[in-house]
There are 2 protein chains.
Amino acid sequence: MNINEILDKTHPINASSKIKLCECFEEVSLQKNHLIIRSNKVEKNIYFIKKGIARTFSNFDDNEVTIAFGEEGDTIISLKSYILYQKGYENIELLEDCELYKISVTKLQNLFSTDIDIANWGRKFAEQELIKAEQRFISNQLGTATERYLELIKKHPTLLQRVSLGLIASYLGITQVSLSRIRANIT
Amino acid sequence: MNINEILDKTHPINASSKIKLCECFEEVSLQKNHLIIRSNKVEKNIYFIKKGIARTFSNFDDNEVTIAFGEEGDTIISLKSYILYQKGYENIELLEDCELYKISVTKLQNLFSTDIDIANWGRKFAEQELIKAEQRFISNQLGTATERYLELIKKHPTLLQRVSLGLIASYLGITQVSLSRIRANIT
DNA sequence: TTCGTTTTTTATCATTTGATAAATTATTCT
DNA sequence: AGAATAATTTATCAAATGATAAAAAACGAA
């Protein structure tokens, strides 16, 4: 998925603004297992996934929580760095070799404060992430782990081929062994 | 909390833009138990809470999920209406008599597309809600219900005085009876 | 291929939470 | 105050998930 499609997916931008914005992107290729964002540091860039898949996770005490999987078109981002210029809580690792579009948060912020079209693109970007986050929260409150698992593979049918069950379990908020039991009781 | 403080809390706006924005607000007083936003309709307004407390909840099949409590300075909003102009999933009820600042989504959208300062305010607003949503999600994945309860009353110490335990339980994703048992095992 | 490592499954027992019902306490209304 | 209603607690049993261990299957590197 190229940068044009990725940007338009969120919100169309007029031609001249889009050129300005696109000039700030740099393409990078990184290998599987690369830890592209580390927690407890201010991350200077955000990335959009052209090709590949990434996992956002966070460690607290002994627990590791998988916050999200990012596929083609999705963003690799430390929210606290991007929004508050503070140390983030997210680690992000690449689960496959990836091609990414990279942009510096500073450059993007400059465009936000000078170009209204880009500012509104940024607004739409945050708004759409917000809806996703709230719906994810609701679905977690609502259903059993079984329902959440079925919902996940229905919504992201290719995920099972790309990601190990251990990581999916941690995304669902259960142990890997529980997920295995759940799967055994379905099919 | 007045509208100036509420707006500044999210992101400062220059004087002339703020005047433009503030002109669009209308103050309304509504009574306890009023259902200010109903699910499955496109809500035309959003509200900021000057005084009082509200609860956002959603019904699916037989389950009711409390998504959020809104206190002074917080927003009463149907995200899908605000962001996608679509029917929302949220019901919002007032848990006390409330004084609110009301603004039409259409007017706000017009300001977003014409005033870069207001557009960036709207961006910051969504971004800050996004961080809250993600952190809420993480804390739900991480801890036991007991830990979440303790965290909640630590973060919002007045909530227990304003909201019944049944609603707090539904916010924590457990039954009211379970919360009662948890409380008995703490003190 | 083959050996070693990782992932997944299966099994057992403990813990947490849910569902239901009944008792107690608090609140509201007249 | 007293009655009615709502909120909270307590108790019991069932269901879901966690923790741990061990076996089986899949995967990867030499």
Side-chain angles (χ1 to χ4, degrees), chain A residues 31-35 53 55 57 59-66 69 93-97 137-153 158-187, chain B residues 31-35 52-53 55 57 59-66 69 93-97 137-153 156 158-187:
Chain A
Q31 287 199 309
K32 177 172 176 167
N33 294 326
H34 181 70
L35 187 62
I53 186 166
R55 178 177 79 106
F57 61 102
N59 293 101
F60 299 90
D61 334 302
D62 267 348
N63 282 327
E64 179 175 299
V65 180
T66 292
F69 296 109
E93 65 176 3
L94 306 182
L95 303 179
E96 299 173 353
D97 293 350
F137 173 77
I138 293 173
S139 108
N140 255 51
Q141 292 292 70
L142 265 179
T144 63
T146 307
E147 291 166 333
R148 274 177 280 146
Y149 171 71
L150 291 173
E151 192 186 327
L152 180 67
I153 57 177
T158 62
L159 207 61
L160 274 184
Q161 277 79 58
R162 301 180 90 175
V163 172
S164 79
L165 291 175
L167 298 184
I168 288 178
S170 131
Y171 178 82
L172 295 172
I174 56 179
T175 63
Q176 194 274 331
V177 176
S178 287
L179 178 56
S180 191
R181 174 167 40 195
I182 284 169
R183 283 160 53 84
N185 292 333
I186 289 173
T187 33
Chain B
Q31 287 200 310
K32 178 171 176 168
N33 293 326
H34 181 69
L35 187 62
I53 187 167
R55 178 178 78 108
F57 61 101
N59 293 102
F60 298 91
D61 335 303
D62 267 348
N63 283 327
E64 179 175 299
V65 180
T66 291
F69 296 108
E93 64 177 4
L94 306 182
L95 303 179
E96 297 173 355
D97 293 350
F137 173 78
I138 292 172
S139 108
N140 254 52
Q141 292 291 70
L142 265 179
T144 62
T146 306
E147 290 166 334
R148 274 176 280 145
Y149 171 71
L150 292 173
E151 193 186 327
L152 180 67
I153 58 177
H156 300 277
T158 61
L159 208 60
L160 273 185
Q161 278 76 58
R162 301 179 90 175
V163 172
S164 79
L165 291 173
L167 299 184
I168 288 178
S170 130
Y171 178 82
L172 295 172
I174 57 178
T175 62
Q176 194 273 333
V177 176
S178 286
L179 178 55
S180 190
R181 174 168 40 195
I182 284 169
R183 282 159 54 85
N185 291 334
I186 289 173
T187 33

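Numbers restart at 1 for each chain; the letters A, B, ... are given by sequence-line order, proteins then strands.
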- Message: Rounded to whole Å, please give me the gap between CG in Leu95(B) and P in dT27(C).
- Response: 16 Å
- Message: Without decimals, in angstroms, what is the distance between Leu160(A) CG and dA26(D) P?
- Response: 15 Å
- Message: Which is more 5' along DNA chain C, the nucleotide nearest Arg181(B) or the one nearest Gly166(A)? Just name the residue.
- Response: Gly166(A)
- Message: Heavy atoms from C-beta onward define the side chain here; which of dT9(C), dA19(D), dG18(C) lies closest to that of Leu165(A)?
- Response: dT9(C)
- Residues Arg55(B) and Thr66(B): side-chain donor-acceptor under 3.5 angstrom: yes
- Answer yes or no: is there a side-chain heavy-atom contact under 4.5 Å between Thr175(B) and Leu179(B)? no
- Could you state the CG-P distance from Asn33(B) to dT27(C), rounded to the nearest angstrom? 16 Å
- Message: Quick check: on DNA chain D, is the nucleotide nearest Ala145(A) upstream (toward 5') of the one nearest Ser180(B), or the reverse? Name the residue that is more 5'.
- Response: Ser180(B)
- Note on the structure: Rounded to whole Å, the CD1-P distance (Ile182(B) to dT15(C)) equals 16 Å
- Message: Just the rounded figure in Å: distance from P of dT7(C) to CD of Gln161(A).
- Response: 17 Å
- Query: Rounded to the nearest Å, what distance is computed from the CD atom of residue Glu147(B) to the P atom of nucleotide dT16(C)?
  - Reply: 11 Å
- dA19(D) P sits how many Å from Gln176(A) CD, rounded? 13 Å
- Ranking dT9(D), dT17(C), dT10(D) by distance to the side chain of Thr144(B), first place goes to dT17(C)
- Task: Select one nucleotide: of dT9(D), dT17(D), dG18(C), the one nearest the side-chain heavy atoms of Ile174(A).
- Result: dT17(D)
- Residue whose closest nucleotide on DNA chain D lies nearer the 5' end, Thr146(A) versus Val163(B): Val163(B)
- Message: The side chain of Val177(A) is closest to which nucleotide in this list: dT8(D), dT20(D), dT20(C)?
- Response: dT20(D)
- Query: Can you check whether Leu95(B) reaches Leu167(B) side chain to side chain, under 4.5 Å on heavy atoms?
  - Reply: yes
- Which part of the nucleic acid, if any, lies within contact of Thr175(B), taking any heavy atom under 4.0 Å across all strands shown: a base, the sugar-phosphate backbone alone, or nothing? sugar-phosphate
- Evaluate the side-chain proximity of Val65(B) to Tyr171(B): yes if any heavy-atom separation is below 4.5 Å, no if none is. no
- Message: Counting only side-chain heavy atoms from C-beta out, which of dG18(C), dT9(D), dT17(D) sits nearest to Arg183(B)?
- Response: dT9(D)
- Message: Rounding to an integer number of Å, can you tell me how far Tyr149(A) OH sits from dA16(D) C1'?
- Response: 18 Å
- Item | side-chain contact (heavy atoms from CB on, under 4.5 Å) between Ile186(A) and Tyr149(A), intermediate numbers included | CA-CA 10 Å; Ile186(A) 289 173; Tyr149(A) 171 71; 3.8 Å; yes
